[in-house]
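Worksheet: one structure, shown below.
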Amino acid sequence: MCKVLCIELVFILSILIIGLKVGVMNLLSSIDCLKNVGVKRAELYKKLNIYTIYDLLTYFPREYINCSESRTIKCVRFNEKNVVKARVLSKLSAKWFKNKKVFVCKVLAADEDEETFEIIYFNNTYIYSKLCVGSFYIFYGRFEKKPCGVSLLAPEVLQSVGFIPKYSLTKGLTTNILQSNLKQAILYVKDCCYILPRELILKYNFTDLKTALLNIHFPKTKQQYEKAREMFIFKELLCWQVGLLKLKSSVGLRNKSKIKDIDVNEFLNALPFKITGAQRRVIYECIADCSKDILMNRLIQGDVGSGKTVVAAALAFMFVRAGMQVALMAPTDILARQHYNTFCNFFKTFNINICVLVGSLKVKEKNKLIEGIKNGEYSVVIGTHAIFQDSVVFKNLGLVITDEQHRFGVKQREKLIAKGESVNILVMSATPIPRTLALIVYGDMNVSTIDELPPGRVAVSTYCVNSKMRKRVFNFLEKEINNKHQVYIVCPAIEDSKNNVQNVCCYANMLKENGFLKYNVGVMHGQLDAAAKNSVMQNFVNGSIDILVTTTVIEVGVDVLNASVIVIENAEMFGLAQLHQLRGRVGRGNLKSYCILISDLKSPDNKERMRALCDTNSGFEIARKDLSLRGPGDFFGIKQHGDVEFKIANLKRDFRIACICKKEAEHILALDKDLTRKENLSIKGAVNKLFSGDYVVI
Ligand code: ADP
Ligand code: MG
């Protein structure tokens with residue numbers, strides 16, 4: 001709380017210092033200080049999270065309507081909003097419908113080409129009565145094409161020419177009200193106030209704050225609002241990058257782990273295989289981190305099967321040898337147990353105590369483990385997020401490893417770091433993302449890449465077929481099972497779903513009807529309880545289940561070496577990276593393996609995506625393809641930036657600006673690492689504000 005207050009204070013001060021109106025009223029004054037904003041309207045503003053004059057000024061339009069860009073019916077875009085200049089020809093009808101619940105008014109109008117269409121209003125007699133036959137109006141609304149003709153649904157009637165900003169509003173607040181309040185609010189901004197250092201304003205052709213606000217809320221040209229938007233987006237992304245870079249370089253604790261004196265070869269020589277060059281390089285990158293003053297915060301990305309676990313184990317070995325505890329967090333119980341077995345195996349000659357702490361343990365067992373963790377009896381603690389509950393206290397935690405999917409937000413990282421005197425963090429991710437993207441999104445981390453697979457891996461053969469081929473796919477599955485192999489079938493849904501999407505429960509029955517009666521079919525999905533999930537998974541691992549029909553819960557790292565085929569139904573519903581992850585469930589041993597994608601969607605985009613998977617087995621290649629096909633958006637879905645909520649920036653759209661901001665952020669911090677220079681104060685305040693939210697683990 002105190003910290004948040006401090007952060008707020010810095011922010012307030014910085015705003016004052018950058019020259020905004022100092023006096024009785026300023027940008028941080030409550031919104032009801034404005035003329036025409038009373039208690040009632042202030043309540044409405046609260047619904048939009050607008051409390052201060054500053055909040056109002058930075059409540060940016062979602063989009064703009066260009067009133068002069070009027071279309072004729074011939075060229076309107078159906079099912080989206082258009083501006084159309086039209087003359088009202090006649091008022092057709094006004095009737096109650098559906099038991100007097102809807103009042104429908106219809107108007108006949110003609111566009112500038114004299115083409116006619118119908119305008120329909122629902123429950124809006126006011127507009128209907130105001131429209132005059134014979135007059136021209138500028139309408140803005142959605143057009144629909146029906147067999148009986150073209151209709152325009154509940155359009156707004158625009159009053160002005162030029163650009164009209166559209167805001168997300170709430171009932172009782174109109175664009176006009178907002179704009180009249182904005183006009184007054186802008187007066188509180190001083191004339192020569194800049195939200196970015198002078199150098200950047202000049203370099204990127206930005207303006208002062210007042211001009212930018214006028215241009216974004218009251219634009220006269222498209223260029224005006226685009227440039228103003230760009231400045232605010234730039235400011236936000238710059239602050240984000242500055243914040244991440246500061247985090248990366250300034251964790252206040254000194255790294256006390258003395259692992260550089262430990263010989264990792266003792267561990268590597270005991271392994272049943274020789275590690276790859278990439279694994280060795282990454283291990284040494286981590287060791288170099290841990291020998292520095294600041295704590296390690298490193299992400300290891302590597303394709304499925306690239307052998308990330310052994311890298312983590314090597315580091316764990318060194319920390320344990322240096323007298324510190326290691327915690328490894330997995331996303332599920334099953335994975336935690338699998339890691340436990342793997343670690344026990346790796347460490348069997350070293351007399352290192354390992355325990356696994358998962359939700360399904362009995363309270364008594366759990367308490368015993370917690371006691372052992374506290375007194376240092378266990379050197380390596382493996383589990384789900386349960387290992388970071390308050391009740392779990394470590395004697396001397398030195399390294400936290402998280403596997404798959406989990407990335408800590410800034411707040412979680414702080415909490416973890418507080419679990420020991422010197423806690424280093426290692427994150428393993430099997431969703432490779434292109435380097436340019438990684439550097440932006442993981443700005444607060446160092447990134448290592450394992451870009452080589454262990455030798456002897458047979459590539460998984462991937463095919464894409466339509467559902468008419470399902471029978472043939474089944475024949476193939478039968479052959480594989482008769483050869484004593486196992487099969488995964490992935491469906492998007494759990495239970496009966498409407499829109500023709502395959503679901504786990506019906507699918508299992510369908511298999512029985514299609515000749516699979518004599519085989520063991522298991523069912524797995526997120527709604528089963530932990531014990532049921534565990535037992536199904538155990539039965540699949542030990543080979544007593546032949547076919548596992550499942551949702552994507554099996555996505556993460558489980559190792560079943562005997563599984564040779566994965567069938568993915570409705571493949572179009574999954575992202576490329578996710579399909580690649582799923583494919584990684586097979587081909588983990590040395591069996592020839594197959595991935596069969598079933599999809600009926602014929603769009604060119606889907607075809608190209610499926611082809612990308614059939615053509616390559618490299619996660620990095622697929623990530624690059626995904627980036628070029630769909631832009632960076634999909635990656636942000638998988639690995640979100642997490643910590644911050646942007647007001648105006650959108651990484652998917654503004655990725656180019658984010659790249660520029662990263663460079664500028666580096667430049668700023670190189671010259672002024674604590675942001676104490678006067679020109680950087682507004683950045684400092686905004687950085688603190690951006691990172692002061694309550695963060696969640698992604
Ligand atoms: P992932 O990166 O997907 O987590 P794992 O760490 O689970 O991959 O490794 C996949 C399999 O490859 C494991 O069975 C592991 O023991 C094995 N493995 C890892 N590194 C090597 C290597 N250098 N040579 C041979 N096998 C390896
Ligand atoms: Mg793994």
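Heavy atoms only: backbone and side chains are in, while hydrogens, waters and symmetry mates are out. Because the structure is predicted, anything quoted here is derived from the model rather than measured. Just follow the structure's listing: the first ligand is 1, and inside any ligand the first atom is 1.
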- By number and element, which atoms of ligand 1 are closer than 4.0 Å to a non-hydrogen atom of Pro454? 20 (N), 21 (C), 22 (C), 24 (N), 25 (C), 26 (N), 27 (C)
- With atom 5 (P) of ligand 1 as the reference point, say which of Thr309, Ile450, Val310 has the nearest heavy atom. Thr309
- Message: Check contact between Gly305 and ligand 1, using heavy atoms of the residue and a distance below 4.0 angstrom.
- Response: yes
- Message: I'd like to check Ile373 versus Leu357 (side-chain heavy atoms, cut-off strictly below 4.5 Å). Are they in contact?
- Response: yes
- Task: Anything under 30° is parallel, anything over 60° is perpendicular, the rest tilted; go ahead and classify Phe516 against Tyr519.
- Result: tilted
- Message: Salt bridge check, Lys518 against Glu478: does any charged N sit closer than 4.0 Å to a carboxylate O?
- Response: yes
- Message: So, 4.0 Å and heavy atoms of Arg588: is ligand 1 close enough to count as a contact?
- Response: yes
- Task: May I ask you to decide if Asn297's main-chain N or O and Asp289's side chain share a donor-acceptor pair within less than 3.5 Å?
- Result: no
- Is there a donor-acceptor contact under 3.5 Å from the side chain of Asn396 to the main chain of Gly376? no
- Just go through Lys308, Lys274, Arg280 and tell me whose heavy atom is the nearest to atom 2 (O) of ligand 1. Lys308
- Near Val304 (heavy-atom distance under 4.0 Å), the atoms of ligand 1 are 3 (O)
- Could you tell me whether Lys625 and Glu621 make a salt bridge, using a distance below 4.0 angstrom between a side-chain N and a carboxylate O? no
- Close-contact set for ligand 1 against Ile275 heavy atoms, below 4.0 Å: 23 (N)
- Task: Mark up the atoms of ligand 1 that fall under 4.0 Å of a heavy atom belonging to Thr276, in ascending order.
- Result: 23 (N)
- Task: Classify the contact between Asp303 and ligand 1 as side chain, backbone, both or neither, using a heavy-atom distance cut-off of under 4.0 Å.
- Result: backbone
- Fit a plane to each ring of Tyr463 and Tyr594, take the angle between them on a 0 to 90° scale, and name the class: parallel (under 30°), tilted (30 to 60°) or perpendicular (over 60°). parallel
